[in-house]
Amino acid sequence: MLNNLTRRASLIALGAVAGASWLGSGFVSMARALTTAEAEKLVSKLVTEIDVSINSGKSGNSLYKDFERIFDKYGDVPIIAQTVLGVEWRSASAAQRQAFADAFKGYMARKYGKRFHEFKGARIEVTGARPVKSFYQVQAVAFLRSNSPFQVVFLVSDRSGKDKFFNLIIEGVNMRIAESTAIGSMLDKRGGNLDAMIADLRKAG
């Protein structure tokens with residue numbers, strides 16, 4: 001049986017590949033009328049694609065490419081990049097921002113994809129959705145073999161003009177905060193050199 005740390009890491013892996021898009025509490029109002037049903041439908045499609053990839057028999061780069069595609073399809077990648085990089089985003093050039101977003105997608109796919117051998121036969125079931133302020137919470141339950149179910153919450157909006165999820169919370173663990181900390185540590189170790197961090201991020205995970 002997985003210990004608590006491994007179980008949590010495993011669930012974070014599911015969410016990461018799904019795209020874990022994140023935004024801070026200063027969320028602006030939605031540009032159009034995303035509905036509860038649409039938010040739930042988005043997450044239902046997302047977890048279906050995750051399930052297919054997990055149980056496809058793929059491994060290595062082939063599986064990572066699947067995860068990266070799912071992340072890009074369902075996650076608001078520009079918002080992910082901006083919020084995870086934090087204050088450094090403000091001073092970054094347009095080219096650096098794009099380079100970071102691209103490197104981050106690959107990093108997430110590799111980082112969590114390596115753990116996906118634990119997920120064969122796993123599934124996530126969507127259980128409902130509700131509006132919260134200017135976005136929607138979509139509740140789901142993650143089932144892993146030989147482990148108790150865990151709650152997973154997707155936060156969904158249409159800020160980018162398309163229905164996307166921008167944050168993921170697993171047993172109270174906020175993905176935005178977790179990856180912001182990890183990226184911040186990588187940047188600190190490189191003396192704040194953003195280009196160096198991006199270059200290393202392309203190989204990390």
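Just so it is clear, the structure is predicted and the values come from calculations on it, not from any experiment.
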Checklist entry - Centre of Phe143's six-membered ring, under 6.0 Å away, within 45 degrees of the axis: is that where NZ or CZ of Arg123 sits? => result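 Flagged: Arg123 positioned over aromatic ring of Phe143.
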When you compare the side chain of [Y] with that of [X], does any pair of heavy atoms fall below 4.5 Å?
{"X": "Lys189", "Y": "Met197", "value": "no"}
{"X": "Ile54", "Y": "Ile50", "value": "yes"}
{"X": "Phe67", "Y": "Ser53", "value": "yes"}
{"X": "Gln139", "Y": "Gln151", "value": "yes"}
{"X": "Lys111", "Y": "Glu179", "value": "yes"}
{"X": "Val47", "Y": "Val126", "value": "yes"}
{"X": "Phe71", "Y": "Val77", "value": "yes"}
{"X": "Val84", "Y": "Phe104", "value": "yes"}

Atom of [X], atom of [Y] and distance for their closest heavy-atom approach:
{"X": "Met186", "Y": "Ala204", "answer": "CE-CB, 4.2 Å"}
{"X": "Pro149", "Y": "Val141", "answer": "CB-CG1, 3.5 Å"}
{"X": "Leu194", "Y": "Leu85", "answer": "CD1-CD1, 4.0 Å"}
{"X": "Arg130", "Y": "Thr36", "answer": "N-CG2, 4.1 Å"}
{"X": "Gln137", "Y": "Leu155", "answer": "CG-CD2, 3.4 Å"}
{"X": "Ala142", "Y": "Val152", "answer": "CB-CG2, 3.8 Å"}

Item to check | Ion pair Asp76/Arg159, N-O distance below 4.0 Å | outcome: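 Salt bridge: no.
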Checklist entry - Is Leu63 linked to Val52 within one hydrophobic cluster, defined over Ile, Leu, Val, Met, Phe, Trp and Tyr using a side-chain heavy-atom separation of less than 4.5 Å? => result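 Looking at the clustering, Val52 is in a separate group from Leu63.
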So how far is it from [X] [atom1] to [Y] [atom2], rounded to the nearest 0.5 Å?
{"X": "Asp72", "Y": "Asp102", "atom1": "CG", "atom2": "CG", "result": "8.5 Å"}
{"X": "Leu42", "Y": "Asp163", "atom1": "CG", "atom2": "CG", "result": "6.0 Å"}
{"X": "Ser148", "Y": "Phe150", "atom1": "OG", "atom2": "CZ", "result": "6.5 Å"}

Checklist entry - By side chain to side chain donor-acceptor pair (under 3.5 Å), which residues pair with Glu49, not counting sequence neighbours? => result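 Arg69, Lys73, Tyr74.
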Checklist entry - Given Ile124 and Asp51, is the side chain to side chain contact (heavy atoms under 4.5 Å, CB included) satisfied, shown in steps? => result CA-CA 8 Å; Ile124 303 177; Asp51 181 68; over 6 Å; no
I'd like to know if the side chain of [X] reaches the main chain of [Y], judged simply by a donor and an acceptor atom lying under 3.5 Å from each other, with no hydrogens or angles considered.
{"X": "Thr181", "Y": "Ile177", "result": "yes"}
{"X": "Arg110", "Y": "Arg202", "result": "yes"}
{"X": "Arg176", "Y": "Thr83", "result": "no"}

Next on the checklist: The test is side chain to side chain contact (heavy atoms under 4.5 Å, CB included); show your working for Ile183 and Phe100 and say whether it passes.
Outcome noted: CA-CA 11 Å; Ile183 293 298; Phe100 175 75; 4.1 Å; yes
Next on the checklist: The test is side chain to side chain contact (heavy atoms under 4.5 Å, CB included); show your working for Ile169 and Met175 and say whether it passes.
Outcome noted: CA-CA 6 Å; Ile169 301 170; Met175 287 288 294; over 6 Å; no
Next on the checklist: Checking Lys58 now: which residues fulfil salt bridge (Lys or Arg N to Asp or Glu O under 4.0 Å) with it, not counting sequence neighbours?
Outcome noted: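 Listed in chain order: Asp66.
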Checklist entry - Residues in salt bridge (Lys or Arg N to Asp or Glu O under 4.0 Å) with Arg190, at least two apart? => result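 Once residues adjacent in sequence are excluded, the partners of Arg190 under the salt bridge (Lys or Arg N to Asp or Glu O under 4.0 Å) criterion are Asp200.
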Checklist entry - Cut-off 3.5 Å, side chains only: do Tyr107 and Glu68 have a donor facing an acceptor? => result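 Side chains of Tyr107 and Glu68: no pair found under 3.5 Å.
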Next on the checklist: Using side chain to side chain contact (heavy atoms under 4.5 Å, CB included), reason through Phe135 and Val156 one step at a time and then give a plain yes or no.
Outcome noted: CA-CA 6 Å; Phe135 57 92; Val156 178; over 6 Å; no
